[in-house]
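Atoms considered below: every heavy atom in the structure, side chains included; atoms not considered: hydrogens, waters and symmetry mates.
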Amino acid sequence: MKTTTRYGRTALSAVAGLTMAVSMVATPALASEPVQDAAATSGGAEAKDAGTTVESAQITDAVVAGEFSFDQTTITPNEVIKTFFQRATQAICGASTSIAADNPLGWQLSVTGDVQSAFTASVGDLASEESVNKVMTCTCGGNPAGGRAIITADVKGVPIEYLLSRAGANPGANALTFVSSDGTEATFPLSYVVGRHAVLSYEINDEDLSASVGGNNQLWMMKTPANYFVRDVVQVVVSTEAVAPEAPGATDEHPNSPNAGVLAGAQE
């Protein structure tokens, strides 16, 4: 986005310079013949002064009208998702080595750490208590404009905010660590996860994850590169750190970082 803005300004400067050059070349110097200031006031108009005709070199902008629109609601079929986010890249959206599904709703999840009531429950039991559907986008952080490593899906899962409420996260807690079944850990600011409407998904487009991205469950967050979408989460650890962890992607230099993981219909 910064590059686009920079190039845009350079282009405008170049056009302005070119306009000035054209004006200087197109308008003859009439040192011996005075020209009234109010004479040439519009492009193509002629002004007469003491019988002398002078053509104005002023360039006027054409009136341009148009419409711009975008669509973040077109759902990517699961077969396409499977091709690009499971077969081709295997673990592009998650940390788990194996992406075979076991029993998504029977998967056991623990919420521990700086909470008042740590608990362990099945994803199915949690889903029966609180579950949401959200149209969300998952994209590789390095996916260029027009690239194919991006999908939009109807994501169904348990809101992370509900898990924190159920466990009673202590005031002042500022970090969440998601632990995968293979031991991989990913830590985020608590406010970031909640603010990005994070869910622990177990269905994509009305099917188990095995039909699309693979695995039993997966963390989804809006406006976040897909490499932070941890898969097969078995534990969520709440903690209070002296310094809150950095937001994911804060130091990444992906060409489309502003577009990564956008929740359809929302801009923050």
task: Check whether any side-chain heavy atom of Leu109 lies under 4.5 Å from a side-chain heavy atom of Leu200, and answer yes or no.
output: yes
Student check: side-chain heavy atoms of Tyr202 and Leu105 closer than 4.5 Å: yes
message: Show the nearest heavy-atom pair for residues Gly113 and Val237, with the distance to one decimal.
response: CA-CG1, 4.3 Å
task: State whether a side-chain donor-acceptor pair under 3.5 Å links Thr184 with Asp182.
output: yes
message: Quick check: closest heavy atoms across Ala153 and Ile75, and the distance to 0.1 Å?
response: C-CD1, 4.0 Å
message: Does any part of the side chain of Val236, heavy atoms only, come nearer than 4.5 Å to the side chain of Leu176, both counted from C-beta?
response: yes
Step-by-step side chain to side chain contact (heavy atoms under 4.5 Å, CB included) determination, Phe178 to Thr187: CA-CA 6 Å; Phe178 294 85; Thr187 302; over 6 Å; no
message: What I want to check is whether the side chains of Asn78 and Asn205 have a donor and an acceptor closer together than 3.5 Å.
response: yes
message: Please determine whether side chain to side chain contact (heavy atoms under 4.5 Å, CB included) holds for the pair Ser201 and Leu209, giving the CA-CA distance in whole Å, both sets of side-chain angles, and the decisive distance to 0.1 Å.
response: CA-CA 8 Å; Ser201 66; Leu209 268 65; 4.0 Å; yes
- line: Heavy atoms of Ala167 and Val115 approach each other most closely as O-CB, 3.5 Å
- prompt: Between Arg231 (side chain) and Ser181 (backbone), is there a donor-acceptor pair under 3.5 Å?
  reply: no
Residue pair Thr112 / Gln235, side-chain donor-acceptor N/O under 3.5 Å: yes
message: Within the 4.5 Å heavy-atom criterion, are Ser131 and Pro159 side-chain neighbours or not?
response: no
field: Check: Trp107 side chain, Val233 main-chain N or O, donor-acceptor pair, under 3.5 Å
entry: yes
Side chain Asn216, main chain Asn103, donor-acceptor under 3.5 Å: yes
message: I need the Phe119 CZ to Ser110 OG distance, nearest 0.5 Å.
response: 8.5 Å
field: For Ile81 against Ser212, the heavy-atom pair lying closest together
entry: CG2-CB, 3.7 Å
- prompt: Between Thr224 and Tyr192, does a side chain to side chain donor-acceptor pair (under 3.5 Å) hold up when you go through it step by step?
  reply: CA-CA 10 Å; Thr224 305; Tyr192 180 97; 2.6 Å; yes
- request: Please confirm whether the backbone N or O of Glu241 pairs with a side-chain atom of Asn174, one donor and one acceptor, at under 3.5 Å?
  value: yes
query: Do we see a donor-acceptor contact under 3.5 Å between the side chains of Thr137 and Thr152?
result: yes
- prompt: Any side-chain heavy-atom pair from Ile151 and Val80 closer than 4.5 angstrom?
  reply: no
message: I'd like to know if the side chain of Thr83 reaches the main chain of Glu79, judged simply by a donor and an acceptor atom lying under 3.5 Å from each other, with no hydrogens or angles considered.
response: yes
- request: Would you list the pairs meeting salt bridge (Lys or Arg N to Asp or Glu O under 4.0 Å) in which at least one residue belongs to residues 164-175, sequence neighbours left out?
  value: Glu129-Arg166
query: Is Val230 close to Gln218 at the side-chain level, that is, under 4.5 Å between some pair of heavy atoms?
result: no
Full working for side chain to side chain contact (heavy atoms under 4.5 Å, CB included) between Leu164 and Val238: CA-CA 8 Å; Leu164 298 177; Val238 182; 3.7 Å; yes
query: Do Asp114 and Thr240 have side-chain atoms, one donor and one acceptor, less than 3.5 Å apart?
result: yes
message: Just to verify, what does Ser122 make a side chain to side chain donor-acceptor pair (under 3.5 Å) with, not counting sequence neighbours?
response: Asp125
query: Can you say whether the rings of Tyr228 and Phe188 are parallel (under 30°), tilted (30 to 60°) or perpendicular (over 60°)?
result: perpendicular
- prompt: Got a sec: does the CD of Gln108 have more than 12 other heavy atoms crowding it under 6.0 Å?
  reply: yes
message: Under the rule for side chain to side chain donor-acceptor pair (under 3.5 Å), what residues qualify as partners of Gln116, not counting sequence neighbours?
response: none
task: Please lay out, stage by stage, how Leu163 and Leu126 fare under the test side chain to side chain contact (heavy atoms under 4.5 Å, CB included).
output: CA-CA 8 Å; Leu163 297 179; Leu126 294 171; 3.8 Å; yes
task: Quick one: pull up CE in Met221 and CZ in Arg196 and give me the separation to the nearest 0.5 Å.
output: 9.0 Å
task: Determine whether His197 and Lys134 make a side-chain contact, defined as any pair of heavy atoms from C-beta on separated by less than 4.5 Å.
output: yes
Euclidean distance, Met136 CE relative to Ile204 CD1, rounded to 0.5 Å: 9.0 Å
